[in-house]
Protein chains: 2
Amino acid sequence: MATIYDVAKVAGVSPKTVSRVVNGDAPVGEKTRAKVEAAIRSLEYVPSSAARMMRSNRSGLIGVITGAIARTAELSDPKGLPDLFIVQGIQQIIAQQDLTLMIADTGGSFEKVPSLIRTFQQYRVEGLIYVADYHKQVAFDPVPQGCPLVLANCYDASGTPAVVPDDQSCQKSLVERLIAHGHRRIGYLTLDQDMLATPLRVAGYRDALQAAGVEFDPELVATGYKMTDGPSHEWLGAALDRMLALPNRPSVICCGNDEMAMRLYGLLRTRGIRVPEEISVAGFDNYRTIAETLYPSLSTVELPYAEMGRRSAELLLSLISEEAPPPHDPVRVPGGVFWRSSVIDLEPDRQTSKGG
Amino acid sequence: MATIYDVAKVAGVSPKTVSRVVNGDAPVGEKTRAKVEAAIRSLEYVPSSAARMMRSNRSGLIGVITGAIARTAELSDPKGLPDLFIVQGIQQIIAQQDLTLMIADTGGSFEKVPSLIRTFQQYRVEGLIYVADYHKQVAFDPVPQGCPLVLANCYDASGTPAVVPDDQSCQKSLVERLIAHGHRRIGYLTLDQDMLATPLRVAGYRDALQAAGVEFDPELVATGYKMTDGPSHEWLGAALDRMLALPNRPSVICCGNDEMAMRLYGLLRTRGIRVPEEISVAGFDNYRTIAETLYPSLSTVELPYAEMGRRSAELLLSLISEEAPPPHDPVRVPGGVFWRSSVIDLEPDRQTSKGG
DNA sequence: CGACTCAATGACATCGATGTCAATCGTCGT
DNA sequence: ACGACGATTGACATCGATGTCATTGAGTCG
């Protein structure tokens with residue numbers, strides 16, 4: 001690999017002059033510049049960022065720790081790929097800034113994190129982002145000073161700068177939309193209670209009811225669908241049957257995620273109930289492969305993962321440049337409703353908002 | 001950030017001795033080692049890979065170029081995530097070797113590749129893998145010598161070392177299995193003709209028929225499903241109706257991918273045809289979110305993406321160490337059948353192989 | 001007891017790029 | 001014609017780790 005000295009020799013100038021041509025940080029004579037550029041081309045010279053890094057103490061690297069890559073293949077991905085979308089958002093911002101991303105994968109085991117951080121430190125990354133696979137709380141060994149850390153899709157107890165999805169407002173927006181379409185009896189089959197998102201979303205559900213003056217009926221909320229297979233299939237059927245047996249059964253059922261909604265379609269079909277004519281269905285996640293392909297296509301909410309990625313990266317950059325003080329509370333990013341055909345309009349005469 | 005000199009000063013030894021402790025490449029006295037290790041801990045010293053790289057000319061970095069990350073979010077991912085799985089396989093092998101992955105994303109635009117390669121060269125990556133999003137032919141500007149390149153899920157005309165999926169043998173395995181279950185009239189709705197995989201898979205389909213002595217009927221193959229939306233929906237319905245109208249209609253229909261199979265379920269249901277009792281369905285890709293969640297669950301084939309990633313990485317490592325000469329032809333990696341409930345056994349009395 | 005061996009350690013140069021400072025050259029004003 | 005000034009250019013030190021070679025000292029053998 002050619003060095004700056006090789007180029008200098010070929011061009012018949014000093015290495016420093018080559019450096020000036022490459023970086024354009026000082027005036028260089030017209031003819032000299034031409035000679036140097038010719039030499040660079042003929043030798044296919046590419047400056048060594050290692051050497052540059054030593055002088056400048058700036059690596060141009062941002063480290064991302066995630067399980068996105070490994071997890072995808074292992075768990076056959078029933079949940080969509082939140083972390084991947086986040087990484088994408090990060091990538092967008094980082095690439096704009098002419099920085100390079102180093103991605104380290106935990107392979108699903110959290111214990112590897114310290115060693116990954118060590119590797120990043122060896123490369124002197126200028127900042128770190130930890131991306132969680134779903135909204136959760138985490139606890140890290142303190143990260144060395146001088147290398148800012150941002151948590152994405154998670155937060156910790158010690159107030160590390162974090163960016164999280166606004167589950168509560170997302171669910172609220174969805175339910176508001178249902179109400180706007182005339183629904184009042186709104187069933188809700190939630191995810192696992194242990195998931196941080198579950199109580200937040202239920203709170204959002206209740207917020208929307210309250211804002212519309214609709215009374216909350218605990219019978220309409222069933223909590224506990226687990227993503228692992230087996231028993232939950234039965235749980236889902238049982239929960240559905242309980243709701244259907246209510247004296248005043250729901251006109252629409254919200255699901256904890258789109259996959260659950262997909263199963264619900266099957267269960268309703270089995271019971272001879274048409275979607276959406278007899279019962280409407282709403283999902284969560286806007287997992288497009290499901291939501292767009294199902295018939296009827298699924299109305300759902302999208303958590304703003306790519307946006308969260310962008311926000312995390314921007315937050316990190318501002319910490320690196322010390323432009324802004326770290327926020328004390330997690331940044332909450334709102335998402336958006338995707339309106340499709342799985343929810344019927346109960347008051348088509350009254351003018352209601354539509355769109356997607 | 002502490003340097004090796006700081007550690008040396010604190011421990012009261014020379015920098016070289018610290019280096020010896022860190023790398024364990026020469027004997028160090030018991031007491032000296034203890035002092036040094038204490039100093040390292042107290043200063044939180046982490047060696048600079050930049051400086052190391054300068055001396056040794058070894059970066060410990062492997063570059064991967066892919067569109068996996070950006071594409072996922074943009075195109076809402078109707079095809080599964082082949083490239084992501086490949087990256088995962090690569091990651092597995094690379095991590096084992098104590099190397100670090102740098103992932104650059106093309107953001108979907110192939111023109112960015114040269115600039116990404118340049119960035120990688122600045123970091124002096126020891127090898128490069130280009131990962132394509134589906135099996136295709138590509139053409140690169142020649143990559144600088146001294147940095148081996150492996151193509152994954154694609155190949156070029158100039159014989160660059162490549163690893164590709166064995167579409168032909170995959171489809172063949174699937175059809176063999178169908179035949180083993182007593183099917184003889186086997187419909188096939190293929191993907192877009194422009195896709196490299198399409199003719200390969202049709203060849204595999206015909207291989208299996210021929211091996212079993214089943215006559216090939218061109219009426220049973222309809223080519224041309226495009227993944228873009230709109231017209232293809234109608235194409236699918238029309239192609240299906242044509243097959244159903246045949247005097248001797250197929251007992252099973254193979255689809256170009258699992259998403260197509262999912263749509264086919266809907267179309268068959270609309271026509272009042274039960275799956276699998278009246279017509280069996282097989283997919284392609286083992287896109288689990290679909291294949292496992294559909295009812296009945298979908299029999300399909302999986303292209304060996306993770307394995308391809310592993311192979312690519314291993315191939316790259318062998319090129320780097322110059323252990324083996326580059327293979328002249330692309331390495332073809334076979335996949336596997338996943339047998340579920342969407343294909344009925346037409347000869348349950350005869351003993352046929354099952355499993356998956 | 002002296003030559004010799006081997007373990008342990010340090011001095012110094014080196015990798016490639018660049019910041020600092022100094023040198024050179026032509027031009028301009030007076 | 002002389003000093004000043006700005007535009008170009010180069011010499012040299014430096015970033016942090018490590019390869020090379022020299023040095024020290026303790027123990028061994030004859």
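Lettering follows sequence order; numbering is per chain, from 1.
Side-chain proximity of A/Pro27 to the nucleotides D/dG16, D/dT8, C/dT18 is greatest for D/dT8. Considering only the side chain of B/Ile4, D/dT18 comes nearest among D/dT18, D/dG10, C/dA17.
What separates CZ of A/Arg58 from C1' of C/dA17 is a distance of 15 Å, to the nearest Å. We find that CE of A/Met54 is positioned 7 Å from C1' of D/dA17, with the value rounded to whole Å. Rounded to an integer number of Å, the gap from NZ of A/Lys9 to C1' of C/dG16 is 13 Å. C/dA8 atom C1' lies 12 Å from atom NZ of B/Lys35, rounded to whole Å. Atom CZ of A/Arg55 and atom P of D/dC15 are 7 Å apart (whole Å). Atom-to-atom, CE of B/Met53 to P of C/dA17 comes out at 13 Å; the value is rounded to the nearest Å. Between the P atom of C/dT9 and the NZ atom of B/Lys31 lies a distance of 10 Å, rounded to the nearest Å. Atom-to-atom, CG of B/Leu43 to P of D/dG16 comes out at 13 Å; the value is rounded to the nearest Å.
Using a 4.0 Å heavy-atom criterion, one finds that B/Thr32 contacts the sugar-phosphate atoms exclusively. Within the nucleic acid shown, A/Val13 comes within 4.0 Å of sugar-phosphate atoms alone, with no base atom in reach, counting heavy atoms only. Using a 4.0 Å heavy-atom cutoff across all strands shown, B/Val18 reaches no nucleic acid atom at all. Heavy atoms of B/Asp25 sit under 4.0 angstrom from primed sugar atoms or phosphate atoms, though from no base atom. Across all strands shown, B/Arg52 has heavy atoms under 4.0 Å from sugar-phosphate atoms exclusively, and none from any base. Residue-level contact check: B/Val28 touches the backbone only, with heavy atoms under 4.0 Å from sugar-phosphate atoms and none from bases.
Each of B/Gln88, B/Gln92, B/Gln96 was evaluated against B/Arg310; a single residue qualifies, B/Gln92, per the side-chain hydrogen bond (donor to acceptor under 3.5 Å, both in side chains) test.
Taking the nucleotide of DNA chain D with the nearest heavy atom to each of A/Ala26 and B/Ala51, the more 5' of the two is matched to A/Ala26. In terms of position along DNA chain D, the nucleotide closest to A/Glu30 lies nearer the 5' end than the nucleotide closest to the other residue of the pair A/Lys16 and A/Glu30. Along DNA chain C, the nucleotide nearest to B/Arg33 and the one nearest to A/Met1 differ in position, and the one closer to the 5' end is contacted by B/Arg33.
One finds no side-chain N or O of B/Ser48 lying less than 4.0 angstrom from the OP1 or OP2 phosphate oxygen of D/dG16. In this structure, B/Asn23 reaches the D/dT18 phosphate: one of its side-chain N or O atoms is under 4.0 Å from OP1 or OP2. Neither OP1 nor OP2 of C/dT9 sits under 4.0 Å from any side-chain N or O of B/Arg20. Close to D/dA17, at under 4.0 Å from its OP1 or OP2, lies a side-chain N or O of B/Tyr45. OP1 or OP2 of D/dG10 sits under 4.0 Å from a side-chain N or O of A/Thr17.
Using the six-membered ring where Trp is involved, B/Phe85 and B/Tyr305 have ring planes that are tilted, between 30° and 60° apart.
Partners of B/Phe140 by ring-ring contact (aromatic ring centres under 6.0 Å, His included), not counting sequence neighbours, listed by chain and number: B/Phe110, B/Tyr130.
Using a 3.5 Å distance cut-off with no hydrogens or angles, the side chains of B/Thr17 and B/Ser14 do pair a donor with an acceptor.
A/Pro47 is not listed as a side-chain neighbour of A/Ile4, based on a closest heavy-atom distance of 4.5 Å or more. Side-chain atoms of A/Pro327 and A/Leu315, non-hydrogen and from C-beta on, do get closer than 4.5 Å to each other.
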